[in-house]
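Naming convention: chains lettered A, B, ... in sequence-line order (proteins, then strands); numbering from 1 in each chain. Predicted, not measured: the structure shown is a model, and the values here were computed from it. Excluded from the calculations below are hydrogen atoms, water molecules and symmetry mates; all remaining heavy atoms, backbone and side chain alike, are included.
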Number of protein chains: 2
Amino acid sequence: MAKAPTMKEVAKAAGVSVMTVSRAFRADASISTATREKIQRAADELGYVFDATASGLRVKKSGFVAMTIPSISNSNFADTVGGLSERLAASGRQVLLGYTNYDIDEEERLIRQLLGRRPEAIVVTGGQHTEAARKLLQGSGIPVVETWDLPTDPIGSVIGFSNAKAMEAMVQHLVDAGHRRIAYLGGDGNADTRGADRRRGFADAMAHHGLAADLLIDAGLPPISMREGAHAMGALLDSGRTVDAVCCVSDLAAFGALTECQRRGLKVPDDISIVGFGAYELGDICVPTITTIDPAAREIGARAADLLIKCLDEGQSETSAAPITPKLLIRQSSDAAKGGQKK
Amino acid sequence: MAKAPTMKEVAKAAGVSVMTVSRAFRADASISTATREKIQRAADELGYVFDATASGLRVKKSGFVAMTIPSISNSNFADTVGGLSERLAASGRQVLLGYTNYDIDEEERLIRQLLGRRPEAIVVTGGQHTEAARKLLQGSGIPVVETWDLPTDPIGSVIGFSNAKAMEAMVQHLVDAGHRRIAYLGGDGNADTRGADRRRGFADAMAHHGLAADLLIDAGLPPISMREGAHAMGALLDSGRTVDAVCCVSDLAAFGALTECQRRGLKVPDDISIVGFGAYELGDICVPTITTIDPAAREIGARAADLLIKCLDEGQSETSAAPITPKLLIRQSSDAAKGGQKK
DNA sequence: CTGAAAGCGCTAACAT
DNA sequence: ATGTTAGCGCTTTCAG
């Protein structure tokens, strides 16, 4: 358990100066092949590992891109992180991840912590932040990307979409399919701002169609997952109110709702339609498959990476990228024609 | 977009020395309340953010704990990361994450990259590594924890369990329930070493019971998820071979298999039993619920954190922690009595 | 192609 | 309670 060896020790072992060792580890530098090999051997011998921290301090490039997501357990965000990481790896950069737990104050704490690592850029989920967090981001001097949302007053670049608009398209689909008594199932509060936007989009669309948006079912505090979806669906059914369709904040909640129907012997979509949001793998595999909106989670990350690489390596100022266009995927759970058995 | 201000600038603005500013940011230091407030004001004014990188270089404590996982999209590993992060946050440390993509060579590259950030400890998933990766870890001079496995020749500490043994318990359960023609559904290769261990445990247990382990269904390369499970189940059913039960490498694969049965009108567990591994939320919500093994994914991370905190803060040498004891959770998918309708 | 000196932003150790 | 000096491991800059 020795301390990690430094360039100095490698230099001594190889009989050269530290500077020469430093050069040997950079592809471009001018070094004779003989010395480079000698140094490589010495480094391997000692188990030397290049110290990216010290290097970063000197050249003022940490190689980090920071990102905040609400939760690591949500595969939508995991996909975005995956897209970002993969694309960024090609340019030798690493993602430094933090979880806000759907809490805007926690996000502020997190942003401060992440900025302390001197990332070259920062990607955040959502467009709503504390005043202090906004100031931190604005004053950070690095490119900022807000994702999964379309903030009215963006800080830097945006790779996102309107959650409200996307939900309006979903309601349109349900109305077109003949549904009138449509419920919304999701978190009640505003902690999950994307969830709140979807709820708002739902209410607006219902109003637009002259329908009552009185069936707003509270599934509790985020994260809203399958269990919460099932419970909330149970509560709705227990209430005895008439419903033809349920619009859920995510596919996870929708799947939970679906299983609750199955447990009670209700047929989806024949007795009731259920739709989700997010295009999780689950919704494309379960029986019946779940109608959803695909926000291109992985692409959000990939495009954020592309944008940042342009800013960082090609010196372009923050491009305003084309917005993401979520796609409505009509599947069995809302389509009696394709769905289960006829009544 | 100014450069991030430094302590020096804060010091000038507050009319004190850098050292005093440095002290003002540490809880313990002896500083008069007046100066501390003055400095705090100056720092806020300038939008100063403490540079953890430079501090780490000087005190030789990065505040990072590195971790490698096969994939961020698998909620089992996400849970372990969650447990680790949360517990570590209390001690002011941050998790630096990397994804191996189930590739041992990628893991080696990753470990080198992570060690370059000078983490105070490193947690890896699994016990199988390239020779070079082992050397890197052994020579790193920091605590190493291997998880999700019980390596025969551990590098440092281990917080894990035997995947083979856990699977044997599952086979025992199926045999007790009267099953004889039991298939295994999982990845075919060795890229996913935990998957390979589970398959081996399956084969051993079958042999032990005097049963043929001839139904090994290849679900392709990892990650094996719902879709792969569904396809593999389809292939098994198409083959026309008799099967009473299917043992899957994970709940995700098991759920895929389950849906394939539903699509073909087969009743689970009446016509066929299906069991999984991992205790994913999904398996406890779907209809029927899926019998599984709970490896306490989150606890693995939490206990790794506890162990590391002991090593790092209390100077204890690498404790050999008690092994994780996976729990068999018998649910509807393998229990005709509790399961669906009677035949 | 190689080396010596200086310094990135911070703090331990020693003054005062 | 506060300041000064030196240096963490690396690289930029300037010499050779």
Side-chain angles (χ1 to χ4, degrees), chain A residues 2-40 42-43 46-64 92 113 115-120 140-141, chain B residues 2-40 42-43 46-64 92 115-120 140-142:
Chain A
K3 279 271 134 267
T6 71
M7 272 194 183
K8 201 161 155 187
E9 299 168 52
V10 175
K12 188 153 66 176
V16 295
S17 75
V18 258
M19 202 48 236
T20 307
V21 177
S22 174
R23 289 193 180 102
F25 278 89
R26 319 172 91 264
D28 57 318
S30 45
I31 285 276
S32 79
T33 322
T35 353
R36 171 168 274 138
E37 276 169 3
K38 193 170 55 180
I39 290 171
Q40 189 58 58
L46 292 170
Y48 173 73
V49 176
F50 181 85
D51 188 332
T53 290
S55 168
L57 177 60
R58 180 65 240 233
V59 304
K60 292 169 159 307
K61 266 177 191 281
S62 63
F64 278 134
Q113 182 181 44
L115 289 178
R117 299 293 181 175
R118 295 297 184 262
E120 298 176 33
S140 66
Chain B
K3 280 271 134 265
T6 71
M7 271 192 183
K8 203 161 151 185
E9 300 168 52
V10 176
K12 188 154 65 174
V16 295
S17 75
V18 255
M19 200 53 232
T20 307
V21 177
S22 174
R23 288 192 180 104
F25 279 90
R26 319 173 92 264
D28 57 317
S30 45
I31 288 273
S32 80
T33 321
T35 358
R36 170 167 276 138
E37 276 169 4
K38 191 170 55 182
I39 290 171
Q40 188 58 57
L46 292 169
Y48 172 74
V49 177
F50 180 84
D51 188 332
T53 291
S55 168
L57 177 61
R58 178 64 241 232
V59 303
K60 292 168 157 307
K61 267 176 190 280
S62 63
F64 278 135
L115 289 178
R117 299 294 182 174
R118 295 297 185 263
E120 297 175 33
S140 67
I142 56 175

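Here the straight-line distance linking atom NZ of A:Lys38 with atom CD1 of A:Ile31 works out to 10.0 Å at 0.5 Å rounding. Here the NZ-OH distance, from A:Lys8 to A:Tyr48, works out to 13.0 Å after rounding to the nearest 0.5 Å. Taken to the nearest 0.5 Å, the CZ atom of A:Arg117 stands 10.0 Å off from the CZ atom of B:Arg117.
Side-chain nitrogen and oxygen atoms of B:Thr20 include at least one within less than 4.0 Å of the OP1 or OP2 phosphate oxygen of D:dG3.
Counting to the nearest Å, the C1' atom of D:dG7 and the NZ atom of A:Lys3 are 17 Å from each other. Atom CZ of B:Arg117 and atom P of D:dC10 are 13 Å apart (whole Å). D:dA6 atom P lies 18 Å from atom CG of B:Leu57, rounded to whole Å. Between the NZ atom of A:Lys60 and the C1' atom of D:dG9 there is a distance of 16 Å, rounded to whole Å.
Positionally, the nearest nucleotide of DNA chain D for B:Gly15 lies more toward the 5' end than for the other of A:Val49 and B:Gly15.
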Donor-acceptor contacts, no H, no angles, side chain residues 10-24 of chain B, under 3.5 Å, sequence neighbours left out:
unit_1: B:Ser17; atom_1: OG; unit_2: B:Met19; atom_2: N; d: 3.4
unit_1: B:Ser17; atom_1: OG; unit_2: B:Thr20; atom_2: N; d: 3.4
unit_1: B:Ser17; atom_1: OG; unit_2: B:Thr20; atom_2: OG1; d: 3.1

Protein proximity profile, nucleotides 11-16 of chain D - base contact B, sugar-phosphate-only contact S, no contact -, cut-off 4.0 Å on heavy atoms: BBB---
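Contacts of A:Thr35 with the nucleic acid, taken as non-hydrogen atoms under 4.0 Å apart, involve only primed sugar atoms and P, OP1 or OP2. Using a 4.0 Å heavy-atom criterion, one finds that A:Ser30 contacts the bases of the nucleic acid, with or without backbone contacts as well. Within the 4.0 angstrom heavy-atom criterion, only backbone atoms of the sugar-phosphate kind lie near A:Tyr48; the bases stay farther away.
By the 4.5 Å heavy-atom criterion applied to side chains, A:Arg36 and A:Ile39 are not counted as neighbours. In this structure the side chain of B:Met7 never reaches within 4.5 angstrom of the side chain of B:Asp51, judged on heavy atoms. At least one side-chain heavy atom of A:Val49 sits under 4.5 Å from a side-chain heavy atom of B:Arg118.
On the nucleic acid side, DNA chain C has its first and last nucleotide under 4.0 Å of a heavy atom of chain B at C:dG9 to C:dC14, going 5' to 3'.
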